Amino acid sequence: MLGAPEDRETAVRKVVEAAGGKVISFYFTTGETDFLLISEANEAESVIASLMAVSASGTVSNVITVRAWTGAEFKGIAERAAGAASAYRPPAKR
């Protein structure tokens, strides 16, 4: 980046879109990570595929992903978990 500074957002957008995703926001950051990418896709595989493609280049490593849900989406997940909870038996409990 020092030898030939450039805004990498276009390149990031291109690879995410090629894998079937959409870039919402892209930021360079300081601290523990070098950038933050907020993207969306119809399925997680699109986002993971784009990250794998970039990681394979050797220029990005230590990739961390986080999945986010809206309040309404997470309520649906919690309702599903509540329904499944009765099917789980903790170890050593009969």
Side-chain angles (χ1 to χ4, degrees):
M1 291 292 291
L2 294 181
E6 65 177 293
D7 180 350
R8 297 294 297 158
E9 185 171 349
T10 301
V12 170
R13 189 173 299 281
K14 186 175 179 179
V15 72
V16 170
E17 290 173 357
K22 177 182 175 186
V23 172
I24 304 301
S25 298
F26 176 77
Y27 302 98
F28 283 101
T29 60
T30 58
E32 202 171 314
T33 59
D34 294 327
F35 67 89
L36 169 67
L37 168 65
I38 301 172
S39 61
E40 67 181 11
N42 290 334
E43 73 289 323
E45 290 83 358
S46 294
V47 176
I48 300 302
S50 63
L51 291 171
M52 288 177 67
V54 172
S55 295
S57 74
T59 58
V60 174
S61 61
N62 195 26
V63 175
I64 299 169
T65 62
V66 176
R67 170 67 162 92
W69 294 270
T70 65
E73 290 170 330
F74 200 78
K75 179 179 181 267
I77 294 167
E79 288 168 345
R80 182 184 259 179
S86 64
Y88 178 71
R89 180 187 57 79
K93 299 241 181 171
R94 293 190 185 260

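Quick note: residue numbers are just sequence positions, from 1. This structure is a prediction, so every number in the text was calculated from the model and none was measured. Every heavy atom of this structure was used, including side-chain atoms; hydrogens, water molecules and symmetry mates were not.
Smallest separation of non-hydrogen atoms from Phe35 and Thr29: N-OG1, 3.3 Å. Closest non-hydrogen pair, Val54 versus Val60, comes out as CG1-CG2, 3.4 Å. Among all heavy-atom pairs drawn from Val47 and Ala41, the shortest one is CG2-CB, 4.0 Å.
Atom-to-atom distance recorded for Glu6:CD and Met1:CE is 6.0 Å, nearest 0.5 angstrom. One finds the CG atom of Asp34 at 8.5 Å from the CZ atom of Phe28 (value rounded to the nearest 0.5 Å). From Asn62, atom CG reaches atom CD of Glu32 across 8.0 Å, with rounding to the nearest 0.5 Å. Atom OG of Ser46 is separated from atom CD of Glu43 by 3.5 Å, given to the nearest 0.5 angstrom.
Ser39 places no side-chain N or O within donor-acceptor distance of the main-chain N or O of Ile24, the cut-off being under 3.5 Å.
Annotation: Tyr88, atom OH; neighbour count of heavy atoms from other residues, nucleotides and ligands within 6.0 Å is above 12. In Arg89, the CZ atom is crowded: over 12 heavy atoms of neighbouring residues, nucleotides or ligands sit closer than 6.0 Å.
Clustering ILVMFWY residues whenever any of their side-chain heavy atoms sit less than 4.5 angstrom apart, transitively, puts Val15 in the very cluster that holds Val63.
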